[in-house]
Asks: 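This is the structure I have questions about; it appears just below.
Naming convention: chains lettered A, B, ... in sequence-line order (proteins, then strands); numbering from 1 in each chain. Note that the structure is predicted; figures quoted are calculated from it, not measured.
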Amino acid sequence: MEALIKKRIKQVIKGDQDAFADIVEIYSNSIFQLGYRMLGNRHEAEDIAQEAFIRAYVNIKSFNQDLKFSTWLFRIATNLCIDRIRKKKPDYYLDAEVSGTDGLTMYSQLSSNSPLPENELESLELQESVQKEILKLPEKYRSVIVLKYMEELSLNEISEILDMPLGTVKTRIHRGREALRQQLRYV
Amino acid sequence: MKCNDEIVDLMHEYLDEEIDPTNEMILREHLKSCKECETLFNEFKKTIAVVKGTSRMQAPPDFTAKVMASLPKEKKKVGMQRWLRNHPLIAAASLFLVLMMGSVFSTWNQEREFSVSKQENLIVQNNTVIVPEGEVVKGDVIVRNGELKIEGEVQGDVTVINGEKYLASAGHVTGQIEEVNEVFDWIWYHMKKTAYDVIDIFNDSEK
């Protein structure tokens with residue numbers, strides 16, 4: 001897969017725009033997920049993911065091809081998310097509400113067609129509360145937790161993506177874990 | 001009993017999958033003896049499992065198309081290059097045709113001068129070539145930009161390019177007679193000639 005990505009990047013650098021479609025296809029879900037977990041709603045997630053891919057395309061020549069492309073792409077996307085969180089800090093709680101409603105509509109749509117089995121309903125509620133707790137985390141803990149446990153990246157990759165020492169990444173993960181434990185231990 | 005931070009640090013080391021065997025032993029031993037820490041440790045593990053267990057998000061189905069549509073436009077040249085890459089046969093064929101037409105047109109324009117194939121008993125008067133009465137000309141006769149009068153016999157093909165031919169009642173041609181006057185005739189003639197030449201090459205090599 002890395003080989004395919006490398007090949008596509010070379011084509012894009014030569015000016016072949018269509019070659020970028022494969023790159024988008026391969027990473028669209030994980031970048032969209034990063035946006036959703038960081039920002040809390042699908043609309044903003046799509047927005048930020050699109051922006052991340054466009055930036056990657058425009059700046060592809062500055063990408064060092066010896067490095068992992070995904071790390072570079074995640075760095076662009078994470079920075080965009082963090083910027084957006086910082087900009088909208090005043091209506092932070094308002095936004096958490098939005099994410100709640102988002103889940104509710106999803107749930108009501110599903111239940112109108114077919115009644116959900118008990119355990120699926122429970123898991124949906126659980127997912128909602130996890131998402132809510134993630135969104136309550138301060139941005140610096142949120143990004144490491146999302147990258148580690150939702151994108152399942154290694155500590156080293158996270159340290160490269162966030163451009164911070166491994167020790168700092170660890171500390172943030174530990175604090176994020178502690179905060180989540182306090183909120184989620186009784187679910 | 002409130003356990004010290006050291007044990008909590010070991011838990012984090014364990015959860016980061018970076019604990020060394022000695023520390024893991026210490027941690028496990030402690031957890032056996034300390035209910036409080038065991039609960040804490042289980043809560044951590046449960047929290048991680050719950051966070052990891054959130055379902056994978058899927059980007060909207062038209063996501064890639066949307067991204068591709070909002071990219072800045074690429075240069076025309078590249079689009080052309082890709083088209084050529086994707087249609088090599090058409091590209092090669094049209095290139096061949098263009099070159100071929102070019103060369104044929106240019107020879108049509110260049111060859112305005114009178115010329116005739118060399119045969120001993122052909123008589124040339126100004127721009128008129130005569131096959132004299134009673135004579136037998138062997139081989140193909142080609143006249144460019146001139147007239148051809150056939151009063152005798154030609155054992156072969158006769159081609160008159162950009163000119164006229166008169167066949168006297170006594171005249172006789174064993175092969176084909178062809179007059180080429182227009183550009184398209186000229187092209188057709190060229191193509192036939194090329195084809196015959198190619199066939200000849202094959203025939204020769206077979207011999």
Side-chain angles (χ1 to χ4, degrees), chain A residues 11-12 14-25 27-37 42 45-46 49-54 57-58 123-124 126-131 133-134 145-146 148-150 152 154-155 170-171 173-174 176-187, chain B residues 3 5-19 23 27 36-87:
Chain A
Q11 287 173 313
V12 174
K14 275 189 195 150
D16 184 354
Q17 195 169 69
D18 287 4
F20 196 64
D22 279 344
I23 299 178
V24 179
E25 197 63 45
Y27 294 111
S28 59
N29 287 346
S30 38
I31 297 298
F32 178 75
Q33 156 145 298
L34 177 76
Y36 183 80
R37 299 302 179 195
R42 298 185 70 93
E46 191 180 345
Q50 264 195 41
E51 171 99 38
F53 281 112
I54 293 169
Y57 175 81
V58 172
S123 98
L124 209 59
L126 182 62
Q127 301 234 352
E128 266 312 302
S129 43
V130 170
Q131 174 72 20
E133 293 310 325
I134 296 273
I145 291 288
V146 170
K148 170 79 182 152
Y149 290 114
M150 287 161 153
E152 298 185 328
S154 73
L155 295 177
K170 279 186 198 169
T171 313
I173 287 190
H174 297 176
R177 233 168 8 214
E178 173 59 26
L180 285 178
R181 180 192 67 84
Q182 287 182 13
Q183 299 302 320
L184 293 172
R185 61 181 154 172
Y186 297 124
V187 297
Chain B
C3 292
D5 290 346
E6 237 170 85
I7 291 298
V8 178
D9 283 347
L10 288 185
M11 286 183 202
H12 282 300
E13 272 181 35
Y14 178 89
L15 296 170
D16 288 341
E17 291 165 27
E18 294 197 324
I19 197 164
N23 282 342
L27 177 65
E36 210 178 319
C37 279
E38 199 193 7
T39 313
L40 182 69
F41 188 59
N42 286 337
E43 282 173 5
F44 270 130
K45 288 212 281 192
K46 187 186 162 195
T47 303
I48 290 169
V50 164
V51 174
K52 269 190 169 176
T54 51
S55 54
R56 305 286 114 203
M57 301 292 296
Q58 299 246 311
D62 59 347
F63 181 79
T64 303
K66 273 192 193 167
V67 170
M68 293 309 287
S70 35
L71 294 182
K73 289 274 169 291
E74 67 179 3
K75 291 180 193 115
K76 267 221 175 81
K77 194 181 128 218
V78 177
M80 191 67 192
Q81 280 172 352
R82 189 174 48 240
W83 188 88
L84 288 179
R85 243 200 328 276
N86 293 340
H87 306 88

Asks: Measure A:I31 against the heavy atoms of chain B and call it side chain, backbone, both or neither at under 4.5 Å.
Replies: neither

Asks: Taking all non-hydrogen atoms of both residues into account, name the closest pair between B:T64 and A:A21 and its distance.
Replies: CG2-O, 3.7 Å

Asks: Under 4.5 Å from any heavy atom of chain B, what part of A:L155 do you find: side chain, backbone, both or neither?
Replies: side chain

Asks: I need the contact set between residues 55-62 of chain B and chain A: heavy-atom distance under 4.5 Å, sorted by residue number.
Replies: B:S55, B:R56, B:M57, B:Q58, B:A59, B:P60

Asks: Using a cut-off of under 4.5 Å on heavy-atom pairs, state which of A:M150, A:R185, A:R177 scores highest against chain B.
Replies: A:R177

Asks: Examine whether an atom of B:E18 lies under 4.5 Å from a heavy atom of chain A, and if so say whether it belongs to the side chain, the backbone or both; otherwise answer neither.
Replies: side chain

Asks: What residue in A:Q127, A:H174, A:E51 has the most heavy-atom pairs under 4.5 Å with chain B?
Replies: A:H174

Asks: May I ask you to check whether over 12 heavy atoms, not counting those of A:E152, lie within 6.0 Å of atom CD?
Replies: yes

Asks: Under 4.5 Å from any heavy atom of chain B, what part of A:V146 do you find: side chain, backbone, both or neither?
Replies: neither

Asks: With a 3.5 Å cut-off and no angle check, do the side chains of A:Y57 and A:Q17 form a donor-acceptor pair?
Replies: yes

Asks: Taking it one step at a time, do A:I145 and A:E133 satisfy side chain to side chain contact (heavy atoms under 4.5 Å, CB included)?
Replies: CA-CA 11 Å; A:I145 291 288; A:E133 293 310 325; over 6 Å; no

Asks: How far does CZ of B:F63 sit from CE of B:M68, to the nearest 0.5 angstrom?
Replies: 11.5 Å

Asks: How long is the straight-line distance from CD of A:E178 back to CG of A:L180, given to the nearest 0.5 Å?
Replies: 9.5 Å

Asks: Spell out the residues in residues 5-16 of chain B that have some non-hydrogen atom less than 4.5 Å away from a non-hydrogen atom of chain A, in order of number; otherwise answer 'none'.
Replies: B:H12, B:L15, B:D16

Asks: Got a second to check how far B:T54's OG1 is from A:Q131's CD, nearest 0.5 Å?
Replies: 8.0 Å

Asks: Output the distance between atom CG (A:L124) and atom OG (A:S129), rounded to the nearest 0.5 Å.
Replies: 10.0 Å

Asks: In Å, rounded to the nearest 0.5 Å, how long is the span from CG of B:L71 to CG of A:D18?
Replies: 9.5 Å

Asks: So do the side chains of A:Q11 and A:D22 get within less than 4.5 Å of each other, counting heavy atoms only?
Replies: no

Asks: Heavy atoms only: give me the nearest A:G35-A:A45 pair and the separation to one decimal.
Replies: C-CB, 3.6 Å

Asks: Looking at A:I173, A:V24, A:L34, which one has more heavy-atom pairs under 4.5 Å with chain B than the rest?
Replies: A:V24

Asks: List in chain and number order the residues that pass salt bridge (charged side-chain N to carboxylate O under 4.0 Å, His left out) with A:E25, two or more places apart in sequence or in another chain; answer none if no residue qualifies.
Replies: none

Asks: When rounded to the nearest 0.5 angstrom, what distance separates OG in A:S28 from NZ in B:K66?
Replies: 12.5 Å

Asks: With a strict 4.5 Å heavy-atom criterion, list every residue of residues 37-46 of chain B that contacts chain A, or say none.
Replies: B:L40, B:E43, B:F44, B:K46

Asks: Flag the one option from A:F53, A:F20, A:Y186, A:Y149 with the top tally of heavy-atom pairs under 4.5 Å to chain B.
Replies: A:Y149

